Every structure is written in C-alpha cells, then in structure tokens.
Colleague: 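Pasting a structure below so you can have a look.
Quantities reported herein were computed from a predicted structural model and do not represent experimental measurements. Chain identifiers are assigned alphabetically (A, B, ...) following the order of the sequence lines, protein sequences preceding nucleic acid strands; residue numbering begins at 1 within each chain.
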Amino acid sequence: MNPSKSPVKQNPAPTHELPYQPDAVEAKWQARWAERGTNEPDLDSAPRPFYNLMMFPYPSAEGLHVGNMFAFTGADAYGRFKRLQGFDVFEPIGFDAFGIHSENYAIKLGINPAELIPRNIVNFRRQLKSIGGMFDWRHELSTTDPAYYKWTQWLFLQLLKAGKAYKKAAAVNWCPRDQTVLANEQVIDGRCERCGTVVEQRTLEQWFFRITEYADRLLADLDDKSKMDWSESTTLAQRNWLGRSEGAEIVFSGAGALRADGQRGGGAADVTLSAAKGPKPSGAEIKVYTTRPDTVFGATFMVLAPEHPQVRALTTPDRKVEVDAYCRMVAAKDLVSRKVGEREKTGVFTGSYVQNPATGKSIPVWVADYVLMEYGTGAIMAVPGHDERDFEFARRYGLPIVRVVAPTSHPDPERSEGEGAEAPKGAEAPLEAAFVDNVNGVLVNSGQFDGMPVPEAKQAVTRWLESRGAGRSQVHFRLHDWTISRQRYWGPPIPVIYCEDHGPVPVPEKDLPVLLPLIEDFQPDNSGISPLARHEEWYYVPCPVCGKRGRRETDVSDTFLDSSWYFLRYPSTEFDDRPFDPTRTRKWLPVTSYIGGNEHAVLHLLYSRFITMVLQELGYLHFDEPFRKFRAHGHIVKDGSKMSKTHGNVVVPDEYIARWGADTFRMYLMFLGPFQEGGDFRDEGISGPRRFLDKVWTLVGEAVSEQRSSPLSHAVEIKRHQTVKKVTDGLEELRYNTSIAALMELVNTLRAENSWNQQLIEELILMLAPFAPHFAEENWERLGHDGSIFRAAWPSWDERLTVEASVEIAVQVNGKTRSKVTVPRGAEQGAAVAAAQEDAAVRRFTEGKEVRKVVYVPNRLLNFVVG
RNA sequence: GCCCGGGUGGCGGAAUCGGUAGACGCAAGGGACUUAAAAUCCCUUGAGGGUAACCUCGUGCGAGUUCGAGUCUCGCCCCGGGCACCA
C-alpha cells in the first residue's frame, strides 16, 4: 500500500453510477422471484432436499413486530445459505390462526374472527414478502382453512380409533357471570379479566390424548443424537417437563395389616408392637407416591387432595360438616389462585387414622389443597422433618415432627470442618426447619436402618416395604395427559356425535370436515349454552350408527393440535384427498432444520413429537422424531426486556424497511447479536449496515465501469480465504453477527488496498446473499450474470491459505506481554527465543535475571519465567 | 423457591482447545471537501500517569489453580427469561 496516493477516489459519484435505491431493487427482485419461481423447489424431483422450517406465526391484528422479523430473517438466512451450498431448500410459511388470542381480540372489537383473521393474514403476507423471505408461497397454509382442519379432525379420529383419545372430567376456570370457560391467562387476581367476577372451578367432561403412554420414549429420544440434534436448552426444558422421578408407592392401611410382622420380630417390628396403640386405624387402604421412601419412619400424618375419591369414606361423622365445607371452599377457588396464589397451607382433619407401615403407629389423615390430585396418587405421606411443605403444615396444625435423617459430613474432605464432621449426630436435635438434603444424610430413628446413608436407604427401605407387601418401587412422570377440549368457538369442532343409544360416535371420515359454522353470536352469553349449541341446525344431527337424532360435540380442539402436524402438511398442500402424501413425505421429512422460539420448547415441540410417534405407529410415517435439528433463537430486547406485546415495547418493522430497505434491516437484525442469544434493538445502529451496503454498491460499480480486475495481492489473497472460512462457519453456527463482521473487514481491506478483483467481488456478493438477498441479486446482475444468484455456488477456501507465512507472536516475561516479534510460521522455540532476545524491551525485563523456564506456544507466544 | 441464559469501553458486541482483551459496528471529538448543510473521506477514542519511548490498572465481586485466567474451580452479587405447592 502506498500511503502517498489517495486511498479513495477523489470524485466520488461518477455520473454513470446510480446510487443504491433499495425500493426499486427490492420491488424488482421480489417480482422476479415470483415470476421465475426462484423460491419454489420441485418437490417431486429435487435431488438434494432440505426442509427449512420456521415456526409459523399467529396472525395478530398488530402485524409482525421486530422480534418476529428477527426470528424469520435468521431462519431465512440459514435457508438461503443452504440453497447456495447446493441444497434444494423448501422453505414454507403459514398461519396458526385458530385459538383463544384471535377469539378474544375479535370479541373485543365485536368482529367475527372469521372476518378478522383473513384481513390480518393479508397484512402478514405483505410483511413477510417485504422482508424478502425465500418462501414457497405455493404451499402456504392456514390452520383455519377447512382444507387444513379437515385433516386436523381426521387426526383426532385416528387417535380415537387407536385408543389414544378418551374422555374424562377435569377442572376448568369458569366465570359464572359470562358463563364461559377462561384460560389461566384470563384470570387476573382470581377474577374474570372481562367482567371482574370471581372465577370458580368447574368440572367438565373433556377429551384427552394419552401422551403419558409415550413419556419413556419422549425422554429416551432426547439422548439419541442420531434422531435429534437440538439446542441443549430445549432438550433440558423437555426433560424437566417430562419430570421423571424414581420413588416408591407405599400402602398405608388400617388395623391388622401388619399383623404378620409381630411374629417375625426384628428392630422395626419391635417399634411396630410398642407403638401400635392409640387411636383406632380405619379399615381403609391408601396408596401414596414418594421419592423419599427412606423417610417413611418420619411420616407422622397423611394428606389427601380434596378431590381424592377416598375422602368421603374416611371422613368420620363428627368431622363431616367441616370436611365438606373445606372441599367446597377449595372447589370454588379458581385454578390460578389455587396453584400460584397465596401459599398459606390450609387443611382439615378427616377424623380417621391409618397405620404407618414402618413404625406401626397410627397417624391422622388430613385433607389439604397443597396436595394435588393430578400428581402421583393424590395422597402423600407427610414427613414434616424432611419436606418443607409438610413442615409448614405440621407447624400450623401442631402435628408431630420427627427427625429421621441426620446430616453427614460434607463429601469433600477439605470442607469437612466444624459441626458436620461428627455425624451422625443430633438424632434428637429438634428441627428448626425441614432438612431436605437427600444425598448427604444418614437415617436415624428408623429401626434397623439407623446409620444407613440416604441414597442406599431409598433402595433398602423400598425392598423392605415390598417384602412386607406394603410398597414397591415406582417411576413417575410429571407429564399429564393432554386436554385438547376447548369450550370455545374459534377452533376446529371435535368430530364426535353423541347418540342416546350409541354414546360418543366418531364422525365418519367421509363427512369431514365438520365445518365451523359462521355464526353471528359467537360470543358467550348468559344462556349457559355453548355458542355452537345455540344453533340447532348445526347441533342436531343424525347418529351415524342408527340415524336417530344425535347431538354434536360443541367443544373445539386446542390450537396446539393444529400446530402439532402442520409441518407434515406443507409439502402436500395441493392434495385434498390425503393429509400428507406418502411419497412427498418420504422425500422431505423429517424436517431438516427447525428454528423457533424457546417459549415453545415444551408444549408445541412435545406435542408434535407425540403426534409423530402415534402416526408412525399407525403406519402413516416412516420416522418417529419430526425435527432432526432444532435451534432456539434468542429474543430482541428493548428497554431492558424481551420485545413482546405483553411488555408493551414492540416496534413495528414496516417503517424501518421503508426508510432503510429490507436488506439493510435484515443485515442490522443479524448483526446486532448472536442469533441464538438475541440482542438489543436501538435504531442508531442501523446506519452501519446501510453504509456498508452503500460501500459495496460503489465497489461493484467501480469494478464494472472501470473494467478493472487486478490480480490479488498476497495480503488480499489471505484475507479472502480467512473471510470465506469465517463467514461459512458463522452461518453454520448461526453466529451471523461474526459473519457480517468478517464481510465488513474484507470490504475494508479491499478499499484500503484499492483492489478490484472481479472474482473476489463476486464472492463477496455471494457471501452477502443470505443476509441481503435483493441487493445480492441486483449486484450479481450488475456484475454481468443472467440468472438468480441463488443458482450459483458458495465459495470455498483453502485452510493453508488462511494463514500468513510469518506471524507476530507475543513475548511475555512472567506472563506479562512486553513485546512482539515476528517469526516464520511454525518457528522452532530456539529461533523464537533468539529473535526475542534481540528485542530491547524484552532485554530490559530479563537482563541480569535467571531465566528459570521458557514457555513457547508456536505461532502464539513466548513466555520467559524469570526469578 | 427451582431451572436455564448472561454480566467485557460511552453503547451493541468480538475473542471460549487457558495464550497479544476490546475484532466489526454505533456514538463522540478533530480534520478534509463544500458558500453552507447533508453525504462522503481521513485521524483519534478502555482508565490513569509520562514531553516521549513507555509504565500501571482493567472483562460484576471475593478467593483459588496455573508460567499465564474474560475463559477453569469454589463462594457470593446483580440483570434477563422460563417454571411454579410435582410429594
């Protein structure tokens, strides 16, 4: 580089050069893509299929905000990158348009969602086109389209036929004034968000899917790398949601259950005999589930959920009034405040006792709402000494608290000082709080198990109980069956007809879809009848079996059912006689890459996996895991919190796109942080990418107009290989910000070096194409190419040419960098030391001192340790 | 309370096989061009000290391991997101 010559052109804008006009360029290429079918792979004959999926949006009235655009752009950049690498990328898009959000918004405006949603979709389509997504619009779908939900209903029928769907009573939030079911989000401080009435719990018959049957498989596949390459955070969330735990089911029973043990003798039996007095146990048998069978000797009372079927039988006549009142009080609470509201423990004594199978003592049976019917057996053995909730409850009601585990010394010997060391101690020490450590403890007050470490005791106590017929080891999942019923209007009607004689009868497949009628009075009213049931012409239908008058199911299905299979539909949208074509499915599925928000880490992704497993079992699919690769994107942060409607900090992208251009906006979004982590949105930063594109535009203009193609200098050649490597790696790892930074560096180098190598500029444009597709197309054309740049090939690099022949290494003295010297790449330690000893700065720090050690890291640094 | 992320210049962020901290961009200051402004271009920009060559300090806080720590270990603090009585 010659410093005397002006590094940049003196007269900037020659008359023949057009300034970069994003509006015109973007309109031109969006039109061409549509005309030429650039984004439409041949789904039947594509040689290298790559299914690039992104989570389809819910078409809200507000339109897509910047946070949504960030997600779509990042997924699109990846798809375009894969296209340039030679894959036939299928990138479909659609709309998740059923559901309570749309319905509530429609109710607020007084517009039927059936009118509102299509309008929103028009706006969404416009926005998605304006950002330049590589979408195959031939395969757009909407879950509200009868041609789609016909197959959602078909799916329900397949599950029903296979015995994977069943009906049972379950609690919902009920607003007594609006006469409607409320979602948990619609309950604010225990009141209806619309009318302010106190919300109640109501029990309704609802349809469930047996997802719990698949809990083991859903968990096991998470570890199977051949099936699932997923973000670690997402698999972890699924694991937690599945919530596998190992424990024991223990039977607590009335008098006489342990009679045999009296004869057997032994430590525990002695306890049994000596303690088997006091209140008379009831004759009942109650099963509990616990993860701490080792603490059974400390179970001083038992608690049943208020809904537990045995509550009635266990309640003694003198306690009946109080117990009934308590259960009614709990039932009247809404689900939200019961679960997340005040945590003050309340409960009531049933009057009955059961016998602790370990100690033989009679313990009282209580009812309390901190025990949930949905988990385990709906009953617990309360061990107040070693469970915080039981401790709190025991304190409040004056129930006995017994220590059965004492702390042991810390396993790390360095830290085993002080009190923990002389364990087991304090077998009699009173508990100020529950001692819940389930690893570092030994049993006390537990008969023959005294002194046994907790982990071992879990097994031993379980085996002992089992030998006495009072328990067995058991695995439990936290996962519940999936309730798909929604007592709402805006969803696909569940295709079932109720007949007096034949009960629930599936709608015959030939009669699908069961159309959601367009009704004016879709809003819930005081009649207490579901909106659909008010329409007799729809409600009453002949029973498919006997032809007598039957009634339709008036519930619709959960939106998560719509979205649990949409990716199966995309490749087959043109077939109206099958949900997904077997040949197409075999070619395109499972999904190659799926990108979406981690807010769907559990429900949507888990339900999709479940549905896929069922369809595979039924012979409809050749795979059982739907998404081979999944990556969760980060979120855009604005004013310190995630951009979302609930935070009220959304920014509309349209004005930015209009002002700066879609490509600049895409570049900015991809540059502001790592895609999987998100970043801060502040509009000052957007001028950077715009300036960058302007510079590239000028560079191309100069290369073309001046017909110059200079050979690459050595420095530029090295930079070229480094850049291709960095950009490629960044794209593959979704670290787009570093890819863009590398491109900026390359451009800075080219400008500084005054280099106009035609091939290199073409490569630059190619590497820019995933981020700035319209801009890249236009410049590709300016550079003299005819077809789309997305038919061209991604550049490659030579690893050997990414490094210079000589390298600058740091020279440290005692770990502090004192100087730098240039040595040949891969120089021997001797040569490096010799070079460093020439250096004055190094000498200053080593002179007169003994060099005790030399650390040499080739091509990196040299460290003299002096004493 | 529990589970995940994350704390690096004025700001967004680079650098994670332990090896030259601050790439790239924004903002700011100075200069060139211009009647002027915008745009563009050039220079400076972690803090402190020094005329300078240079020196000292510096990646949330406190310890530790190491020739060497943003990176590893232990103990804390703060911010963001998610889950919530799961026995």
Colleague: Test: salt bridge (Lys or Arg N to Asp or Glu O under 4.0 Å). Region: residues 674-685 of chain A. Which pairs qualify, not counting sequence neighbours?
Modeller: A/Asp680-A/Arg682
Colleague: Nearest to the side chain of A/Glu745, heavy atoms from C-beta on, is which of B/G12, B/C24, B/C85?
Modeller: B/C24
Colleague: In whole angstrom, give me the gap between the C1' atoms of B/G70 and B/U59.
Modeller: 5 Å
Colleague: Which residues within residues 237-246 of chain A lie with some heavy atom under 4.0 Å of an atom in RNA chain B?
Modeller: A/Asn240
Colleague: Is A/Asn598 touching bases, backbone alone, or none of the nucleic acid, heavy atoms closer than 4.0 Å?
Modeller: nothing
Colleague: Write down the protein N/O and nucleotide N/O pairs, taken from nucleotides 47-51 of chain B, whose separation is under 3.5 Å; answer none if there are no such pairs.
Modeller:
none

Colleague: Just the rounded figure in Å: distance from P of B/A38 to CZ of A/Arg690.
Modeller: 18 Å
Colleague: How does RNA chain B read in dot-bracket, base by base from 5' to 3', with Watson-Crick or G-U pairs under 3.5 Å and | used when the partner is on another strand?
Modeller: (((((((..(((......[....))).(((((.......))))).((((....))))..(((((..]....))))))))))))....
Colleague: Counting side-chain heavy atoms from C-beta on, which of B/C11, B/A23, B/C41 comes nearest to A/Lys695?
Modeller: B/C41
Colleague: Using the salt bridge (Lys or Arg N to Asp or Glu O under 4.0 Å) criterion, which residues pair with A/Arg860? Sequence neighbours excluded.
Modeller: none
Colleague: Can you tell me the distance, in whole Å, between the CZ atom of A/Arg844 and the P atom of B/C54?
Modeller: 8 Å
Colleague: Find the distance A/His476:NE2 to B/A87:C1' and express it as a whole number of Å.
Modeller: 10 Å
Colleague: Start with the C-alpha gap between A/Lys719 and A/Glu753, add the side-chain angles, then the distance that decides, and say whether salt bridge (charged side-chain N to carboxylate O under 4.0 Å, His left out) holds.
Modeller: CA-CA 11 Å; A/Lys719 193 72 189 170; A/Glu753 298 275 329; over 6 Å; no
Colleague: Measure from the side chain of A/Glu684, starting at C-beta and using heavy atoms only, and say which of B/C26, B/U56, B/A87 lies closest.
Modeller: B/C26
Colleague: Please list every donor-acceptor pair under 3.5 Å in which a side-chain atom of residues 380-387 of chain A meets a protein atom from a residue at least two apart or in another chain.
Modeller:
{"from": "A/His386", "atom 1": "ND1", "to": "A/Phe435", "atom 2": "O", "distance (Å)": "2.8"}
{"from": "A/His386", "atom 1": "NE2", "to": "A/Val404", "atom 2": "N", "distance (Å)": "3.0"}
{"from": "A/His386", "atom 1": "NE2", "to": "A/Val405", "atom 2": "N", "distance (Å)": "3.2"}
{"from": "A/Asp387", "atom 1": "OD1", "to": "A/Arg389", "atom 2": "N", "distance (Å)": "2.9"}
{"from": "A/Asp387", "atom 1": "OD1", "to": "A/Arg389", "atom 2": "NE", "distance (Å)": "3.2"}
{"from": "A/Asp387", "atom 1": "OD1", "to": "A/Asp390", "atom 2": "N", "distance (Å)": "3.0"}
{"from": "A/Asp387", "atom 1": "OD2", "to": "A/Arg389", "atom 2": "NH2", "distance (Å)": "2.5"}

Colleague: Is it true that A/Glu799 and A/Lys725 have a side-chain N and a carboxylate O under 4.0 angstrom from each other?
Modeller: yes
Colleague: Base, sugar-phosphate or nothing for A/Arg852? Non-hydrogen atoms, less than 4.0 Å.
Modeller: nothing
Colleague: Whole Å only: how far is the CZ atom of A/Arg396 from the P atom of B/C85?
Modeller: 18 Å
Colleague: According to side chain to side chain donor-acceptor pair (under 3.5 Å), who are the partners of A/Asp729, at least two apart in sequence or on a separate chain?
Modeller: none
Colleague: Would you please name every residue forming a side chain to side chain donor-acceptor pair (under 3.5 Å) with A/Arg818, sequence neighbours left out?
Modeller: none
Colleague: Do A/Thr698 and A/Tyr20 pair up side chain to side chain, a donor and an acceptor below 3.5 Å, judged on atom types alone?
Modeller: no
Colleague: Taking side chain to side chain donor-acceptor pair (under 3.5 Å) as the test, write out the residues that go with A/Ser819, two or more places apart.
Modeller: A/Asp839
Colleague: Whole angstrom is fine here: how far is it from CD1 in A/Ile740 over to C1' in B/C24?
Modeller: 10 Å
Colleague: Nearest to the A/Thr291 side chain among B/C26, B/C85, B/A87, which nucleotide is it?
Modeller: B/A87
Colleague: Does the distance from a Lys or Arg side-chain N to an Asp or Glu carboxylate O, for A/Lys458 and A/Glu246, drop under 4.0 Å?
Modeller: no
Colleague: Nearest 0.5 Å, please: how far is CD1 in A/Ile740 from CZ in A/Phe671?
Modeller: 7.0 Å
Colleague: Report which part of the nucleic acid A/Phe845 touches: base, sugar-phosphate, or nothing (heavy-atom distance under 4.0 Å, all strands).
Modeller: sugar-phosphate
Colleague: Starting at CG of A/Leu693 and ending at P of B/C26, how long is that distance when rounded to a whole Å?
Modeller: 12 Å
Colleague: B/C4, B/C41, B/C85: which one has an atom nearest the side-chain heavy atoms of A/Lys345?
Modeller: B/C85
Colleague: CZ of A/Phe775 to CH2 of A/Trp697: how many Å apart, nearest 0.5 Å?
Modeller: 6.5 Å
Colleague: My understanding is that only residues two or more places apart in sequence, or in another chain, count here; which of them pass side chain to side chain donor-acceptor pair (under 3.5 Å) with A/Tyr375?
Modeller: A/Ser245
Colleague: Could you check which residues of residues 378-387 of chain A get a heavy atom under 4.0 Å from RNA chain B? Sort them by number, please.
Modeller: A/Ile380
Colleague: When you measure from the side chain of A/Asp481 to the backbone of A/Thr212, do you find a donor-acceptor pair of N or O atoms at a distance under 3.5 Å?
Modeller: yes
Colleague: Going 5' to 3' through nucleotides 13-20 of chain B, assign each nucleotide B (protein heavy atom under 4.0 Å from a base atom), S (under 4.0 Å only from sugar-phosphate atoms) or - (no protein heavy atom that close).
Modeller: SSS---BB
Colleague: For A/Arg852, does the CZ atom sit with more than 12 other heavy atoms under 6.0 Å from it, leaving out its own atoms?
Modeller: no
Colleague: In whole Å, I'd like the distance from the CG atom of A/Leu479 to the C1' atom of B/A84.
Modeller: 17 Å
Colleague: So do the side chains of A/Met767 and A/Val724 get within less than 4.5 Å of each other, counting heavy atoms only?
Modeller: yes
Colleague: Rounded to the nearest Å, what distance is computed from the NZ atom of residue A/Lys719 to the P atom of nucleotide B/C24?
Modeller: 8 Å
Colleague: Nearest 0.5 angstrom please: A/Leu479 CG to A/Gln238 CD, how far?
Modeller: 10.0 Å
